[in-house]
Amino acid sequence: MHFIKLRKIWYAISIAVILPGLISLMLQGLNLGIDFTGGNLLEVRFAEPVPVEKVRQVVAAQGLEVSRGIQKSGATDYIIRTRHLTQDESDKLIAALSKLGKSTVLRNESVGPTIGRELTTKAILALLIASVLMVIYITIRFEFKQGIAAIIALLHDTLVVTGIFSLFRIEVDSAFVAALLTIIGYSINDTIVIFDRIRENMLTRKKGESLEDVVNASLWQTLTRSINTVLTVVFVLVALYFLGGSTIRNFVLAMLIGVVSGAYSSIFNASPLWVDFKLMEKRAKVKEARA
């Protein structure tokens, strides 16, 4: 199979995956959690260990949807995140929890959306800074067009993850931001390996060998490594998703989607895009020469 000659198919698949998510993002946005919208944060310490299922049942009985908002901290402590509660609702929740055993309220505070706005701003700033630094690094080590192709591939991964979370109304919290940043780091690493092999093959390029053939050969040479790497990560993430508990499930899901998307974009988007950029540059030079 010639990856580069089939690049329009890979682009079409990417667009088909991203487009529904983009429409969902425009129409309904993301399902933001307490970290972004604000709410109440209650930290309780029990005298004896209490199963998380019982804590969840008590909270649910109060009419509070916090299936992912209960986090065990240590052997006997629980952090419970809910929507904004009135004083009466807060008192009733504390009283209900005390029926599970002797308990002490360590913290009961309201979290404002200001933190969410600050988190969003810093996350976007971090992405921009990281993107600029990556373009500079790739330009120095390889060339500017490869840097642009790599950033477009990273944008692809970000849109895939956020689009799916928006489409299926999966809650987004601060861990989601951490997942996105981790995905970007993972994806760019795979892309750099492929670009490095392309550079090596360009130095030993045979006379008359087309750019498409050189890049295609480079992709085949790194394909086994890319697949093995992504599979080992996927195995761990799948195990974490089913066995790691509900608190980290959405974080792991974002990582799982992003890792698979990152492997796809590194192979099927980044290098083919660079080929298109080089061919566009070549056509532009031909036109200038003719003029």
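Judged by distance alone, with hydrogens and angles left aside, the side-chain atoms of S261 form no donor-acceptor pair with the main-chain N or O of I257 at under 3.5 Å. Remark: the backbone N or O of T158 is paired with a side-chain donor or acceptor of T162 at under 3.5 angstrom. In this structure, the side chain of S266 engages the main chain of S187 through a donor-acceptor pair within 3.5 Å. Distance alone, capped at 3.5 Å, places no donor-acceptor pair between the R197 side chain and the I194 backbone. The backbone N or O of S166 lies less than 3.5 Å from a partner atom in the side chain of Q28, making a donor-acceptor pair. Checking side-chain atoms of S24 against main-chain N and O of P20 turns up no donor-acceptor pair under 3.5 Å. Panel note: side chain S271, backbone I267; no donor-acceptor pair is recorded below 3.5 Å. The backbone N or O of T224 lies less than 3.5 Å from a partner atom in the side chain of N228, making a donor-acceptor pair. Judged by distance alone, the side chain of T232 and the main-chain N or O of T229 form a donor-acceptor pair under 3.5 Å. Checked by atom type and distance alone, the side chain of T76 never pairs as donor or acceptor with a backbone atom of E48 at under 3.5 Å.
In this structure, I184 is not a member of the same hydrophobic cluster as L125, with clusters built from ILVMFWY side-chain heavy atoms closer than 4.5 Å. Taken together through direct or relayed side-chain contacts under 4.5 Å among Ile, Leu, Val, Met, Phe, Trp and Tyr, I94 and V44 form part of one hydrophobic cluster. Side-chain heavy atoms closer than 4.5 Å link hydrophobic residues (I, L, V, M, F, W, Y) into clusters, and following such links, even through other members, never connects F144 to I136. Criterion: ILVMFWY side-chain heavy atoms under 4.5 Å apart, direct or through other members. Under it, L19 and V17 are not part of a common hydrophobic cluster.
Counting heavy atoms from C-beta on, the side chains of Y137 and I192 come closer than 4.5 Å. The shortest side-chain heavy-atom distance between V172 and N31 does not fall under the 4.5 Å cut-off. Side-chain contact check for Y78 versus L97: every heavy-atom pair is 4.5 Å or farther apart. Side chains of I138 and I188 form a contact here, defined as non-hydrogen atoms less than 4.5 Å apart. Looking at Y186 and V230, their side chains come closer than 4.5 Å, going by heavy atoms from C-beta outward. A 4.5 Å side-chain heavy-atom check between R81 and D173 finds every atom pair outside the cut-off.
Aromatic ring orientation, H156 versus Y264: parallel (interplanar angle below 30°, classes split at 30° and 60°). Classified by interplanar angle (parallel below 30°, tilted 30° to 60°, perpendicular above 60°), the ring pair F3/W220 is tilted.
Between the side chains of N108 and S90, at least one donor-acceptor pair of N or O atoms lies under 3.5 Å. No hydrogens or angles considered: a donor-acceptor pair under 3.5 Å links the side chains of N201 and Q221. Donor-acceptor pairing under 3.5 Å is lacking for the side chains of N40 and T82.
In summary, D196 and R141 engage in a salt bridge, as defined by a charged side-chain N under 4.0 Å from a carboxylate O.
Figure legend: R249 and Y241 shown as a cation-pi pair, the cationic atom lying under 6.0 angstrom from the six-membered ring centre and within 45 degrees of its axis.
The two residues G29 and R169 have their closest heavy-atom pair at O-NH1, 2.9 Å.
Atom CE of M280 has 12 or fewer neighbouring heavy atoms from other residues, nucleotides or ligands inside a 6.0 Å radius.
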